[in-house]
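Each residue takes its place number in the sequence, starting with 1.
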Amino acid sequence: MYSSLPTKFRPKKFTQIVGQDEVPIIKQVVKDADNLPPLLLLQGPSGVGKTTAARVVASYLNCSNTVDGEPCAECADCQAVREGNHIGVYELDSATNGTADKLRDLVMRSHLSSDGVKTFILDEAQAISGQGWNVLLKVLEEPPPNCIFLLLTSEPRKVPSKIRTRALKFTFKPVKPKVVRWYVKQLCNHVKIDVSDDDLNVITELSEGSIREALMMLEQSLASERSARDMFCDRDRSLDYLLSIVSADYAGTLKIVDDWWDEVGDAGTIAAQLATTLEKLSFGKVGADYYTGPLHTPKYAKLNDGLTQDALVKVLGAVSDWYLQLTSKAQLIMLSSKLYRLLNGDKAGTSKPVIQEQPKQQNNVADRLGKL
């Protein structure tokens, strides 16, 4: 049976989960089964280890061969948890099964007697219905013995406060780029996969802190027998977009908007890509290397040189004002016009590039933008 790289190499122990400072704390919390909290809330973006950590918790609490606070990962109980058929572990995708009836069924199961600790993993918890939350609240007010609920969510604000205040909360963050790169490289070495440094750099940056996304990109690149750069670098046109504006190429800007919209077709995604690029530029301006990975180095360097700190602040302010209201292609064009005039005065409609490869033209850019 086919198994994707993230599934095949999903960590089986706490120590195998990388890049999350909260995991050792979770390990200590569940180590004492006699004082087990009834509810843990694991919050953070997708693909950073929440579900993996929850399953390791379930394995540990039902493993008969634990060693130093870790499940053995080899016994029948551990295997059953990984395969999703352990009698004492219940995993629910709340996005499709977050109704009150489904939650009542879980509550009923929590009162049944069984060996070990009954573990309930509710993924995508933000999708639980209002009545479903009420059902869950009742069992959390008087939790049955030997029972633990783990709520996993990427949108903690959608979890009712009455639930949040009863939970031990653990925040998972995007994994640092250097950790993502190291992890992918180690996996490739383990399974004897040749991967170039350039592919590692591309995958690291575009995964945006998600090891799951990084492994899926690696797998897709391997399956297509194409480089990661060829596969994925055309997805985000934000650098070309900003470069065309800074270079006073308004016609080129509109062409990029047109192509960008045809490829993505969603203003929210475009706005997010643009905001991410501006974030990286901002960190780069203050000398922080954390976000400024090696991807698109020539374009990034050119844009970084062409935008002064003051100009970047103005662009960030304008994009921030438009971020939530950007819903259509027409609004994207209006934002482009605003950004163009912000950086180039009233020259809208011209297409003469300001950023050129010649040093003389680059100096002119610096002089002009320095007056903003």
Side-chain angles (χ1 to χ4, degrees), residues 3-30 39-60 70-71 81-82 91-95 119 121-127 149-159 164 167-188 200-220 228 232 235-236 269 272-273 275-276 279-280 283 288 290-293 295:
S3 181
S4 65
L5 284 179
T7 300
K8 186 176 181 179
F9 294 99
R10 184 188 291 272
K12 302 174 184 177
K13 299 182 179 182
F14 292 113
T15 53
Q16 295 173 349
I17 302 174
V18 301
Q20 298 298 341
D21 295 336
E22 299 280 49
V23 170
I25 304 174
I26 295 174
K27 177 180 176 179
Q28 288 300 120
V29 166
V30 301
L39 177 62
L40 303 184
L41 177 62
L42 311 187
Q43 57 190 27
S46 299
V48 297
K50 300 188 301 297
T51 302
T52 295
R55 289 178 180 174
V56 174
V57 168
S59 295
Y60 172 75
E70 296 280 354
V81 171
R82 289 199 300 274
E91 188 168 345
L92 188 72
D93 179 5
S94 304
T119 308
I121 301 173
L122 280 66
D123 208 350
E124 302 293 341
Q126 70 273 4
F149 286 82
L150 295 102
L151 300 184
L152 283 50
T153 179
S154 57
E155 301 179 71
R157 288 177 294 179
K158 292 186 178 181
V159 177
R164 293 201 308 268
L168 287 181
K169 292 178 280 293
F170 300 93
T171 300
F172 284 57
K173 300 177 181 179
V175 181
K176 292 182 179 180
K178 62 181 180 181
V179 178
V180 174
R181 193 182 193 282
W182 171 86
Y183 189 90
V184 174
K185 179 66 172 177
Q186 293 300 309
L187 188 146
C188 290
L200 281 175
N201 294 339
V202 171
I203 290 171
T204 296
E205 181 151 337
L206 294 184
S207 65
E208 296 183 346
S210 168
I211 287 182
R212 181 179 66 198
E213 178 68 15
L215 294 183
M216 291 302 296
M217 291 172 66
L218 173 65
E219 185 170 32
Q220 190 172 350
F232 306 114
R235 288 182 175 180
D236 185 353
T269 300
Q273 291 175 349
T276 298
E279 178 188 33
K280 293 173 184 176
F283 276 88
Y290 181 85
Y291 286 100
T292 60
L295 185 60

key: For Val179, side chain to side chain contact (heavy atoms under 4.5 Å, CB included) partners two or more places apart   = Val18, Val175, Lys176
inquiry  = Quick check: closest heavy atoms across Pro45 and Lys50, and the distance to 0.1 Å?
reply    = O-NZ, 2.8 Å
remark   = CG of Leu92 to CG of Leu152, rounded to nearest 0.5 Å, is 11.5 Å
Identify every side-chain donor-acceptor pair in residues 5-12 under 3.5 Å, counting partners at least two apart or on other chains, and give the distances.
from	atom 1	to	atom 2	distance (Å)
Thr7	OG1	Ser4	OG	3.1
Arg10	NH1	Thr52	OG1	2.8

request  = Apply side chain to side chain contact (heavy atoms under 4.5 Å, CB included) to Pro24 and list each qualifying residue two or more places apart in sequence or on a separate chain.
outcome  = none
key: Gap between atom OH of Tyr183 and atom OG1 of Thr204 - 0.5 Å precision   = 13.5 Å
query = Taking only residues two or more places apart in sequence, or in another chain, which ones meet Tyr60 in a ring-ring contact (aromatic ring centres under 6.0 Å, His included)?
reply = none
task = Apply side chain to side chain contact (heavy atoms under 4.5 Å, CB included) to Phe172 and Val23, showing your working.
result = CA-CA 9 Å; Phe172 284 57; Val23 170; 4.1 Å; yes
key: With Ser94 via side chain to side chain donor-acceptor pair (under 3.5 Å) - residues at least two apart   = none
query = Who are the salt bridge (Lys or Arg N to Asp or Glu O under 4.0 Å) partners of Glu124, not counting sequence neighbours?
reply = none
inquiry  = Checking Glu208 now: which residues fulfil side chain to side chain donor-acceptor pair (under 3.5 Å) with it, not counting sequence neighbours?
reply    = none
key: Minimum heavy-atom distance between Ile203 and Ala228, given as atom pair plus value   = CG1-CB, 3.9 Å
Side chain to side chain contact (heavy atoms under 4.5 Å, CB included) between Val56 and Ile26, worked out = CA-CA 10 Å; Val56 174; Ile26 295 174; over 6 Å; no
key: Pairwise side-chain hydrogen bond (donor to acceptor under 3.5 Å, both in side chains) hits with a residue in residues 17-29, at least two apart   = Lys27-Glu70
key: Thr119: side chain to side chain contact (heavy atoms under 4.5 Å, CB included) partners, not counting sequence neighbours   = Ala58, Leu61, Asn62, Val89, Val117, Ile121, Ile148, Leu150
request  = Show your reasoning for whether side chain to side chain contact (heavy atoms under 4.5 Å, CB included) applies to Met216 and Ser210.
outcome  = CA-CA 10 Å; Met216 291 302 296; Ser210 168; over 6 Å; no
task = Could you check if a side-chain atom of Leu218 sits within less than 4.5 angstrom of a side-chain atom of Cys188, using non-hydrogen atoms only?
result = yes
request  = For Thr153, enumerate each residue passing the side chain to side chain contact (heavy atoms under 4.5 Å, CB included) test, keeping only those at least two apart in sequence or located in another chain.
outcome  = Leu41, Gln43, Ala125, Gln126, Glu155, Pro156, Val159
